[in-house]
Amino acid sequence: MLSEIISGELDATSLITDALFDIHTNGPSNPSTFETLAYIKRFQPDSLVKYEGRLINLMGLFYKSGEPNSLLEQVYAIYRDSIRESFGKTYTPLQASAYKEIDERKYFSFSAPTSAGKSYLFRDVIGAYEKDIVIIVPSRALISEYYYEVAGIVRNDVLVLQFIDDIYKDCTKRRIYIVTPERAVELFKYKETFNLGLILMDEAQISEEEIRGIKFDAFVRRSDKAFPESKKIFTHPFISNPEAQLNKHGFDNNSSAKVYDLHSVGKIFVSHRRGKFKYFSPYKEDEAQVATESDIVSDVLDNGGTALIYVSKSSIYKGSFILNFATYIDKCQRLTDPEALKIIESLRLYIGASKDDSEHRSTLVNMMEKGIVVHHGSMPLKARLMVERFIRNNHAKLCFATSTLNQGINMPFDIVWIDNFRNMDVLTLKNLIGRSGRTSQDKSKYDYGYTIINSQNVRTFLERIASDVVITQESRLDIDAKQDNDDLQDVIDAVRDDTFDDNLYLPQVQIERIMEADLSSEMQSILDNLICDDTLISADSYYKLENKVRDSIKSAFKRIYIQHLRRDELTSAEAGVLSTAIPIMLWHIQGRSFSEIVSLRYAFLSERDQRRSVMRMLRQEEISAEEARDRIEAIKVRRSPVAFSLPQKNHSAAPLYPPGTSVNDIDYDQIVYDTYDYLDKVIALSISDPLCAAFAVHYERTQDARAVAMQNFIRFGTNDGMEIWLMRYGIDPEDIDWIKPHIASISERNIEFKDSILEESEDRLSIIDRYL
């Protein structure tokens, strides 16, 4: 049948009427029906035109339905008007149903496809709610997406923060916090302060992850004890049993769960092999594949469309994706749009990339100049946000991404090409398919997108797309941690026994281990050598210390860190990561910008001093140019382990570069990504809390004010009171230097600016406009 639709041999009218009847009778739930309509829209668009308005009504996409032209459309128009009258918005039936459940239930868990309009619904729920709200999301990138959406729909008397803090008290009527499960624990020290009415847990399927799943479930249990009257809402994509999220926590009263298996965009599936494309259907097994007449990707790009190509992280690091997709990369022309160029320049400055082909050359930045972006979890958060804004503002033609783009970020494409199929689970696959096809706002227009699968993966693809995605009925908190991962047991026990320390963000048993350890010599070594007159010594001063002193400082940090664990030593892989993290942490707490930290690490790993020595000999004509090239080629990249979260005693060590790699082969972007992983995964999320807890214990014992200063340096990167307050108000550390001179006063009550702030640019004022 597909071949006949494509060739035009089959009259599409009967297929269209059958599809409309199916949708009217059973709802917009059959993917095969929408696939058929997508083929008709693509190859016989004139046949669909007169039915398109009716189709949009039957799909419940009332926000893009036009005036009714038939009795059936009039019936759906009445349905649309009744929803509008009840909710004050032109919701889809899915949105109306979910809104009603959220309004009436204390616990609600639901599953909906990627393109279901969930974000639009949440904006309305959040904007209209009268109590404090906490939104839990799986990634810091999604925090920022929520932040800008939420900040744009609420008044300035609503405090919106990307972490939990009780500030701006004089001007705040209610609070909205958007955090990951790791930082959600900060909520509980305010259980007597906040009037928490709603906890919205987006992408709640992270409960299935081993480590983060325990932290997520721990937050769910603790929040229900601390805030028993607040609503708890769980959302998931493509989960067939959302009720499991309620069952595992015993949320039986005033609860409900729903699966919204609905479609709003058609999908056309295509296989690819050696530059040739064929249409195929995952829903019609007897259908033969049909060769395309042209290169689909080229056609879409030539017509102003966009493509997301899912690749492995290693292909991004190695740059092999550039060769594999050179045909399409070469089609992308250099951008001239001023807004696009401004974003690119901001990104270049942030990561410290050069404008020429010098050693700080960035493929990431250079490709963006042609509308080509990459996106993965090790990109610095600020860089990811710039890339995502670049995509949303329609500057990107091609996006090469890993699965991080799946985590709720609302960026659909005309084409999704799944090039990397290794270890892909069913949920990731369905999420990626959900990105293909952009739902337009055009009245009475049916939209569709392409999903491309490499031909050798089609059989596996067919098996996975037909599989249901289920979550477990039992929480990981109710199963003792396996013997080989007992680092998690403290968290589990603390939830069961309600023995978390809400001020130090660790289980009480871990605080007790720190208190029982004799760390006085380690504390003295760090404080005596790193802090002078409540000020951290400079990086230059640190490197002027004797090697044995610097080694003792690193050893002291290592011993302090391990005291909170159930074991006496780290594995060699863990020790290697921690050892690498210490100097990066020291650069960070010395106030270095991200670009400076990357530059310092690049210089260290690439043996800059050795390379400069060779170039000095060349300039002084002591060696020839050929000999200089050979000597630099012979210099090897310093060994450095790839970052991973601590503790993980079963994690194996992996070098950032294979042994023997020449410094000529070092990649600046790779240093950017790995350095960010150390700052984020290792320093911020792994070692910061245990170290700060240890210095807090030391202060209680000794009243040594330097211990409090070190806590501030580790957590905030500064001991300056005003700078700490600005960060508590959500100001990025890299914006503090220009904001600080304009502060008249700042405290937990309010922040007041001098009139001089108004002399700053519009871009800068947008950063702090909520407080003006």
Side-chain angles (χ1 to χ4, degrees), residues 487 504 506 510-511 513-532 536-590 592 597 600-601 604-605 638-649 651 653 655-656 674-675 677-679 681-699 701-702 704 706-715 717:
D487 291 326
L504 298 179
L506 292 178
Q510 295 183 350
I511 305 297
R513 291 192 195 114
I514 293 171
M515 294 175 69
E516 291 167 2
D518 181 8
L519 296 172
S520 56
S521 62
E522 286 78 9
M523 290 290 173
Q524 214 63 35
S525 173
I526 291 171
L527 298 177
D528 287 348
N529 286 296
L530 294 185
I531 295 183
C532 179
L536 200 71
I537 65 172
S538 68
D540 289 339
S541 297
Y542 172 74
Y543 279 103
K544 288 178 182 176
L545 296 173
E546 294 181 17
N547 287 338
K548 66 179 181 179
V549 176
R550 292 205 307 271
D551 288 343
S552 72
I553 292 170
K554 293 178 185 178
S555 297
F557 273 117
K558 291 177 188 176
R559 184 162 186 269
I560 292 169
Y561 169 75
I562 202 173
Q563 296 310 310
H564 77 291
L565 299 176
R566 290 180 164 220
R567 45 196 170 103
D568 297 326
E569 61 182 4
L570 299 175
T571 66
S572 60
E574 290 174 313
V577 167
L578 184 58
S579 180
T580 303
I582 298 302
I584 296 173
M585 181 183 72
L586 291 173
W587 288 328
H588 171 64
I589 65 181
Q590 285 160 346
R592 299 281 190 165
I597 294 173
L600 286 166
R601 190 149 184 255
F604 173 75
L605 294 175
R638 284 179 182 261
R639 187 188 181 282
S640 180
V642 173
F644 61 83
S645 299
L646 301 175
Q648 287 192 71
K649 66 180 181 181
H651 201 295
L656 183 60
D674 192 62
T675 302
D677 276 343
Y678 269 99
L679 287 167
K681 294 179 182 177
V682 184
I683 297 169
L685 297 179
S686 298
I687 68 176
S688 175
D689 287 343
L691 292 180
C692 286
F695 283 104
V697 168
H698 184 71
Y699 174 74
R701 284 179 175 166
T702 65
D704 187 341
R706 296 178 303 170
V708 176
M710 184 55 71
Q711 279 184 272
N712 288 333
F713 284 124
I714 293 172
R715 198 169 295 284

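We use all heavy atoms of the structure for the numbers below, so side chains are in, but hydrogens, waters and symmetry mates are not. Just so it is clear, the model here is predicted, and its values are computed rather than measured.
The two residues L578 and Y561 have their closest heavy-atom pair at CD2-CD2, 3.9 Å. Contact between L530 and Y542 at its shortest, heavy atoms only, is CD2-CD1, 3.9 Å. Of all heavy-atom pairs spanning L527 and R706, the tightest one is O-NH1, 3.4 Å. Shortest non-hydrogen contact noted between S579 and P583 is O-CD, 3.1 Å. In terms of heavy-atom proximity, I589 sits nearest to F713 at CG2-O, 2.8 Å. Taking every heavy atom of both residues into account, L565 and R513 meet most closely at O-CD, 3.3 Å.
Under the 4.5 Å side-chain criterion, counting only non-hydrogen atoms from C-beta, V708 is not in contact with F695. Looking at D674 and V642, their side chains come closer than 4.5 Å, going by heavy atoms from C-beta outward. Using a 4.5 Å heavy-atom threshold, the side chains of I714 and I683 count as separate. Residues M710 and I531 are in side-chain contact: their nearest non-hydrogen atoms beyond the backbone lie under 4.5 Å apart. Taking the side chain as every heavy atom from C-beta outward, D689 and H564 never approach each other to under 4.5 Å. Taking 4.5 Å as the limit, every side-chain heavy atom of D551 sits out of range of all side-chain heavy atoms of E546.
Looking at R559, its side chain never comes within 3.5 Å of a backbone N or O of L519 through a donor-acceptor pair. In this structure, the side chain of S552 engages the main chain of V549 through a donor-acceptor pair within 3.5 Å. S525 contributes no side-chain N or O that, together with a main-chain N or O of S521, makes up a donor-acceptor pair within less than 3.5 Å. Under a 3.5 Å cut-off, the side chain of S688 and the backbone N or O of R715 do not form any donor-acceptor pair. Between the Q563 side chain and the I560 main chain, no donor and acceptor come within less than 3.5 Å of each other. Of the possible polar contacts, one joining the T580 side chain to the G576 backbone as a donor-acceptor pair under 3.5 Å is found.
Distance check, rounded to the nearest 0.5 Å: NZ of K649 to OG of S572 gives 13.5 Å.
A salt bridge links E574 to R567: at least one charged side-chain nitrogen sits closer than 4.0 Å to a carboxylate oxygen.
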(request) Assess whether side-chain contact (heavy atoms from CB on, under 4.5 Å) is satisfied between I597 and H588, documenting all intermediate values. (result) CA-CA 7 Å; I597 294 173; H588 171 64; 4.1 Å; yes

(message) Checking M585 against F557 for the side-chain contact (heavy atoms from CB on, under 4.5 Å) test, could you report, in this order, the C-alpha distance in whole Å, the side-chain angles of both residues, the deciding distance, and whether it holds?
(response) CA-CA 11 Å; M585 181 183 72; F557 273 117; 3.6 Å; yes

(message) Go through it in stages, so that I can follow the logic: the residues are V682 and L646, the test is side-chain contact (heavy atoms from CB on, under 4.5 Å), and I'd like the CA-CA distance, side-chain angles, deciding distance and then a yes or no.
(response) CA-CA 6 Å; V682 184; L646 301 175; 4.1 Å; yes

(request) Using the side chain to side chain donor-acceptor pair (under 3.5 Å) rule, take R601 and S640 through it: C-alpha gap first, then chi angles, then the decisive distance, then the call. (result) CA-CA 10 Å; R601 190 149 184 255; S640 180; 2.8 Å; yes

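At a cut-off of 3.5 Å, with distance as the only test, no side-chain donor of T675 or D677 sits close to an acceptor on the other residue.
Every side-chain hydrogen bond (donor to acceptor under 3.5 Å, both in side chains) that Y699 has, sequence neighbours left out, goes to Q703. Residues that satisfy the side chain to side chain contact (heavy atoms under 4.5 Å, CB included) test with T702, not counting sequence neighbours, are H698, D704.
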